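Here is how names work: the chains are called A, B, and so on, in the same order as the sequence lines, proteins then strands, and each is numbered from 1. Please read these numbers as outputs of a predicted model, since none were measured by experiment. Atom set for the values below is all heavy atoms of this structure, side chains included, hydrogens, waters and symmetry mates excluded.
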2 protein chains.
Amino acid sequence: MRPYHACAVPNRRSIPKPAARRLSLYLRELSSRLEAGEETVSSKALGRSLGLTDAQVRKDLALFGQFGHPGRGYAVGELVESLRRIMGRDREWTACVVGAGNIGRALLSYDRFQREGFRIAAVFDADPAAAGKEVARDLRVRKMSELAAVVAAEGISIGIIAVPRDAAQQVADALVAAGVKGILNFAPRRIEVREGIAIVSVDFTVALEQIAFQIAFGHSPSADGDDDLNEGPDDAEAPTRG
Amino acid sequence: MRPYHACAVPNRRSIPKPAARRLSLYLRELSSRLEAGEETVSSKALGRSLGLTDAQVRKDLALFGQFGHPGRGYAVGELVESLRRIMGRDREWTACVVGAGNIGRALLSYDRFQREGFRIAAVFDADPAAAGKEVARDLRVRKMSELAAVVAAEGISIGIIAVPRDAAQQVADALVAAGVKGILNFAPRRIEVREGIAIVSVDFTVALEQIAFQIAFGHSPSADGDDDLNEGPDDAEAPTRG
DNA sequence: CTCTGTGAAAACATTCACAGCG
DNA sequence: CGCTGTGAATGTTTTCACAGAG
């Protein structure tokens with residue numbers, strides 16, 4: 001009896017960064033197929049949907065255990081469950097948004113977060129004039145001075161930065177001091193955090209600029225006519241601080 | 001006399017994808033230093049600001065020509081100008097947003113696009129009830145049926161997809177048919193376009209999921225305590241279509 | 001015969017380390 | 001000296017190709 005569907009995390013280290021990003025894609029595609037009633041899927045079919053080779057899919061999944069059934073493929077339900085556990089998606093995450101401007105408010109209205117198990121429990125803004133305003137379903141803007149207390153009280157583990165560039169690092173420091181374990185940054189600059197804090201950045205201007213570059217330069221960077229799905233938001237990890 | 005500050009594009013191919021992403025970071029940092037009045041900068045200083053090694057910075061810049069002055073560093077003004085030209089940032093780009101929901105509206109209000117030379121000239125929405133509404137400074141929502149005509153009339157070369165998942169591919173096809181050369185996609189799915197069309201995706205849920213994974217897994221993917229700035233939005237290039 | 005898991009090979013990207021310019 | 005540009009060395013990720021399970 002081999003341990004099919006067994007160990008969730010064999011080595012617990014050395015997950016290639018690109019593979020980590022693709023995990024999200026696998027989970028999404030698999031969830032979609034599960035909903036559609038599919039019971040099994042081959043690495044080839046999965047790869048095709050996502051623009052990846054079958055070998056890539058198998059290597060990635062094999063990082064976490066033996067999920068496949070030779071000759072048959074992967075059991076969709078099983079795999080979804082395993083991936084959810086591996087990625088920490090089997091629990092609810094509580095987050096807060098800092099910055100009640102355009103981006104902050106758009107994120108608060110973004111249903112998908114809620115639906116996917118990311119609950120936004122609080123909004124903060126530095127502008128005293130904004131404090132107290134109801135900015136989304138039963139969420140009032142709070143003062144920055146309340147940050148630490150609210151993070152603790154609500155059990156917030158993820159902070160979302162939606163403030164202007166020049167305030168971003170300061171806000172990040174405050175979030176970390178308040179006890180969050182990860183930060184999603186929308187400000188257009190690099191954020192430094194001490195080791196052990198997860199940080200991922202999403203930068204609209206860089207994204208647009210990449211398009212401009214590709215058009216102006218007349219090529220997809222590297223790999224000419226090749227297909228190429230390059231998943232994953234900008235993420236930054238920096239030790240030189242703290 | 002060696003051709004300093006000469007050739008803008010030597011090989012015009014084989015720009016490593018990660019390098020292409022870092023170009024945006026260089027330009028941003030350099031612009032900031034230019035504004036601050038700095039005249040020269042070394043690869044080491046530049047790298048330090050961005051969490052990169054000096055060698056990396058030099059390699060990246062050397063892809064496009066000889067910009068540095070041995071013993072002195074890089075002339076900030078010169079380099080900014082060159083990078084802007086290389087990245088196509090020396091001209092204005094005209095874009096349109098499809099989808100007047102939360103994300104679409106937030107993007108329309110995002111001043112930075114305008115300031116950086118990306119002009120959003122039109123908004124479209126499939127909902128007939130939305131048509132005609134003024135959704136941002138002098139921009140009224142247009143019907144999807146007007147897409148092709150408006151793209152042509154306004155000289156729109158970039159389309160921004162801010163519609164729900166299930167409509168995204170269809171919208172992408174319409175944009176390409178209308179003549180845009182690049183697409184920025186905010187819908188949570190992979191978009192396929194024919195070769196020659198630039199596509200970059202930004203996926204909020206994947207971003208959050210990466211944070212959850214890092215926290216749940218208790219590691220930064222690969223490279224343990226190492227510093228690591230991984231710039232760049234998800235981008236997708238797919239040939240298998242059209 | 002289909003499809004996985006996985007070593008071995010290839011491709012790709014980063015860092016090192018140094019010659020050479022100013 | 002300080003600093004660039006770059007070949008050579010190292011490290012990382014992807015692809016290949018095949019043994020073995022069902």
Side-chain angles (χ1 to χ4, degrees), chain A residues 1-7 10-11 13-23 39-48 50-76 78-79 220-224 226-232, chain B residues 1-7 10-11 13-22 40-48 50-76 78-79 220-224 226-232:
Chain A
M1 178 182 171
R2 255 210 291 101
Y4 265 141
H5 182 253
C7 65
N11 35 3
R13 208 165 276 294
S14 73
I15 305 298
K17 234 170 332 214
R21 298 206 215 101
R22 286 188 297 263
L23 245 43
E39 300 198 339
T40 64
V41 65
S42 68
S43 57
K44 192 161 178 182
L46 194 48
R48 169 172 278 266
L50 277 73
L52 306 167
T53 66
D54 53 338
Q56 179 90 81
V57 172
R58 291 198 299 275
K59 263 262 151 79
D60 286 345
L61 295 178
L63 286 167
F64 299 94
Q66 311 270 110
F67 299 112
H69 300 269
R72 221 163 290 274
Y74 297 85
V76 178
E78 266 180 31
L79 190 47
S220 14
S222 209
D224 182 42
D226 201 13
D227 87 309
D228 125 34
L229 172 85
N230 194 332
E231 193 37 79
Chain B
M1 178 182 172
R2 255 209 291 103
Y4 265 142
H5 183 252
C7 66
N11 35 2
R13 210 166 271 295
S14 74
I15 305 297
K17 234 171 331 209
R21 296 204 216 105
R22 286 188 298 263
T40 63
V41 65
S42 68
S43 57
K44 193 162 176 181
L46 194 48
R48 168 171 279 266
L50 275 69
L52 307 167
T53 66
D54 53 337
Q56 179 90 79
V57 173
R58 292 200 297 277
K59 263 263 151 78
D60 286 344
L61 296 178
L63 286 168
F64 299 94
Q66 312 270 109
F67 300 113
H69 300 269
R72 223 162 290 274
Y74 297 84
V76 178
E78 265 180 33
L79 189 48
S220 12
S222 208
D224 183 41
D226 202 15
D227 86 308
D228 125 36
L229 174 87
N230 193 332
E231 195 35 80

Mind listing the side-chain donor-acceptor pairs of residues 50-57 of chain B below 3.5 Å, one per line with the distance, residues two or more places apart or on another chain?
unit_1, atom_1, unit_2, atom_2, d
Thr53(B), OG1, Gln56(B), N, 3.1
Asp54(B), OD2, Arg58(B), NH1, 3.4

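Atom CD1 in Ile15(B) sits roughly 14 Å away from atom C1' in dC12(C) (whole-Å rounding). In this structure, the CZ atom of Phe67(A) is 20 Å from the C1' atom of dG22(D), given to the nearest Å. Rounded to whole Å, atom P of dG5(D) lies 12 Å from atom CG of Asp54(B). As rounded to whole Å, 11 Å separates atom P of dA13(C) from atom CD of Gln56(B). The OH-P distance, from Tyr74(A) to dG22(D), rounds to 15 Å in whole Å.
For Thr40(A), there are no side-chain contact (heavy atoms from CB on, under 4.5 Å) partners, not counting sequence neighbours.
Side-chain nitrogen and oxygen atoms of Gln66(B) include none within less than 4.0 Å of the OP1 or OP2 phosphate oxygen of dC21(C). Using a 4.0 Å cut-off, no side-chain N or O of Ser43(A) falls inside it from OP1 or OP2 of dC3(C).
A donor N or O paired with an acceptor N or O is not found under 3.5 Å between the base of dG22(C) and the side-chain atoms of Arg72(B).
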Do any N or O atoms of the protein come closer than 3.5 Å to N or O atoms of nucleotides 8-10 of chain D, and which pairs are they?
unit_1, atom_1, unit_2, atom_2, d
dA8(D), N6, Lys59(B), NZ, 3.4

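Proximity note for Arg58(A) (side chain, C-beta onward) versus dT13(D), dC3(D), dT6(C): the nearest is dT6(C).
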